[in-house]
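Quick caveat, the model's predicted, so the values are computed rather than measured.
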Amino acid sequence: EMVNYFNYEYPEPNGEDPFQMYTELSECPWNKNHHLLHIGLQGEQIAWKETPGSNLVFLIDVSGSMSSAGKLSLLKPSFKLLVDQLRPEDKVAIVVYAGAAGMVLPPTPGDQKQKIKKAIDQLTSGGSTAGGAGITLAYDLAKDHFVEGGNNRVILATDGDFNVGLSNQEELKKLIEEKRKDQIYLTVLGFGSGNLKDNIMETLADHGNGNYAYIGNLKEAKKVFVHEINGTLYTIAKDVKIQLVFNPETVQSYRLIGYENRLLETEDFDDDTKDAGELGAGHTVTALYEIIPQESFGDASGQHLPEQGKEHPKYFGKFNQDHLVTLKLRYKKPEEKESKLIEKLLDYRPILLANTSDNFRWSAAVAGLSLIIRDSKYNNDLNTKKVLELANNAMGEDLHGYREEFIEITKAYDLLEMVSTK
């Protein structure tokens, strides 16, 4: 999540597929005997005004837990930012839930902004949390007003603290899986802290053809609802899966950094019934693999990384000595049920870290700080000063100041570490 919080300037798609793949291989900043493989996807840029009309249902948690600071009080101005982006062809309904669920605003055209904002202003919190009932009502409403060829989506805003009716993670997951059959997408937004149930909200998004974002302040709300509105609300590819088949002649072992809760079984890659991630317009997705090369490059420590995923012989292509990996990608167009397969053979051609792109060094810096915070056993000799050196040399354009904010957070963490060790 930390790596993918940032946008990356990958090449724009130029073919029939709605995204472009990008790869880069260099030395690993936290272990010079290893390599780091950077994989990026760049979704097709589509201006918001050019997207089809949206049928949106705001599903808002108004239970008692939402009265805490940074929850409903932040949610209201955040959703108003989205309302300001709406067009006449868009429509919005508002469903709320606490001890029970109910509709507080019927589907309303996007140019009636004051009416929509007034309904948001009148929201108050109190009671227990019947999340399952709210989800059911919101999806039913979206289905009743379904727009053929349009953007049909439920936007759930909550702290995830469901405690009435369908309340456990498995029950909610099954409900969402059933509802996604109606071609209605889901955006889940987390607010507040303390009793925030991040795992439940991410599970709902993962299993509901959706995405998830945490909003901790108005700057982050603007990121989600203004700067990245297309990526948040308009899906260009669904069930996107990536599978890497490493060449055993060149790769001794490997590990995918992060994504522990997104791993699929090897057989799931070719199974179109298995749900996977969605890609929004203009959205970027970045993944990093740490690799130990075969003995010609060596690992001085003798420690092997765990292989993630069992390889099957049928997945191996024809490798030669120069090949690193076969990169496979499957995706479906939003309206289709069968996936398309893309394959790319990547040669073993690592470049010097100093010659890598800003994208590579920035993602490595963010992953590096994550390893430090986690106190990861793979961290080796990485420290915050090395992270700052990497990040400062990879700022790029930083249009909205997100990278500068990361650098300030890293400096603050460095100070905290100094204080705690004295």
Side-chain angles (χ1 to χ4, degrees), residues 1-9 43 45 47-48 56 58-61 65-86 92 113 116-117 120-121 123 125 153 155-160 187-198 201-202 205 210-234 280-286 358-359 362-363 365-367 369-370 373 384 387-388 391-392 394-416:
E1 287 184 24
M2 287 178 67
V3 169
N4 283 282
Y5 180 85
F6 303 94
N7 281 328
Y8 297 86
E9 299 301 322
Q45 298 280 0
W48 174 243
L56 304 177
F58 296 171
L59 174 56
I60 298 176
D61 181 354
S65 65
M66 290 295 289
S67 62
S68 303
K71 295 188 179 182
L72 194 59
S73 59
L74 174 61
L75 184 155
K76 291 181 180 182
S78 298
F79 270 76
K80 288 180 184 179
L81 290 173
L82 172 56
V83 173
D84 286 336
Q85 311 306 310
L86 298 178
V92 171
K113 301 185 189 307
I116 301 170
K117 288 181 178 181
I120 293 171
D121 278 331
L123 298 176
S125 59
R153 183 174 294 266
I155 303 177
L156 167 60
T158 178
D159 59 7
T187 292
V188 183
L189 303 173
F191 287 83
S193 58
N195 64 337
L196 184 77
K197 300 297 189 295
D198 185 86
M201 290 185 284
E202 189 170 345
N211 46 38
Y212 168 61
Y214 173 74
I215 295 179
N217 53 50
L218 271 178
K219 183 177 181 181
E220 289 177 343
K222 191 172 184 179
K223 178 179 186 290
V224 171
F225 283 146
V226 180
H227 299 153
E228 300 175 6
I229 186 171
N230 286 356
T232 302
L233 298 185
Y234 187 65
H283 192 203
T284 62
V285 176
T286 300
D358 287 345
N359 285 333
W362 183 263
S363 65
V366 178
L369 180 63
S370 305
I373 292 172
T384 48
V387 169
L388 286 168
N392 280 317
M395 286 283 288
E397 188 177 358
D398 196 26
L399 186 62
H400 302 300
Y402 302 140
R403 297 192 177 194
E404 179 62 36
E405 186 177 18
F406 170 82
I407 287 174
E408 293 306 312
I409 289 171
T410 306
K411 289 177 180 177
Y413 187 83
D414 184 53
L415 289 172
L416 285 172

I'd like to know if the side chain of [X] reaches the main chain of [Y], judged simply by a donor and an acceptor atom lying under 3.5 Å from each other, with no hydrogens or angles considered.
X	Y	result
Asp398	Arg403	yes
Lys71	Asp61	no
Trp48	Ile229	no
Tyr214	Gly192	yes
Lys76	Leu123	yes
Asn4	Thr286	yes
Ser73	Ala69	no
Lys113	Val83	yes

For a quick test of reading the model, state the closest non-hydrogen atom pair linking [X] to [Y] and the distance between them.
X	Y	value
Lys219	Gly401	NZ-O, 4.0 Å
Ala205	Tyr212	CB-CB, 3.8 Å
Ile373	Tyr413	CA-OH, 3.8 Å
Leu75	Ala157	CD1-CB, 3.4 Å
Leu218	Pro77	CD2-CB, 3.9 Å
Val387	Ala365	CG1-O, 3.5 Å

Quick check for you: to the nearest 0.5 Å, what is the distance between [X] atom [atom1] and [Y] atom [atom2]?
X	Y	atom1	atom2	value
Ile215	Lys223	CD1	NZ	10.0 Å
Glu404	Ile409	CD	CD1	10.5 Å
Ser65	Leu72	OG	CG	10.0 Å
Ile120	Ile60	CD1	CD1	6.0 Å
Thr384	Leu369	OG1	CG	8.0 Å
Asn217	Phe191	CG	CZ	10.5 Å

Checklist line | Whether Phe6 and Trp362 hold their rings parallel, tilted or perpendicular, with breakpoints at 30° and 60° | finding: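 Ring orientation, 0 to 90° scale: perpendicular.
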Compare all side-chain heavy atoms of [X] with those of [Y] and state whether any distance is below 4.5 angstrom.
X	Y	value
Lys80	Asp121	yes
Val224	Thr187	no
Tyr234	Arg153	no
His283	Asn211	no
Val92	Leu82	no
His400	Asn7	no
Leu189	Phe58	no
Phe225	Gln85	no

Check: Are there more than 12 heavy atoms of other residues, nucleotides or ligands under 6.0 Å from atom CD of Gln45?
Finding: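 Yes - once you tally the heavy atoms of other residues, nucleotides and ligands closer than 6.0 Å, there are more than 12.
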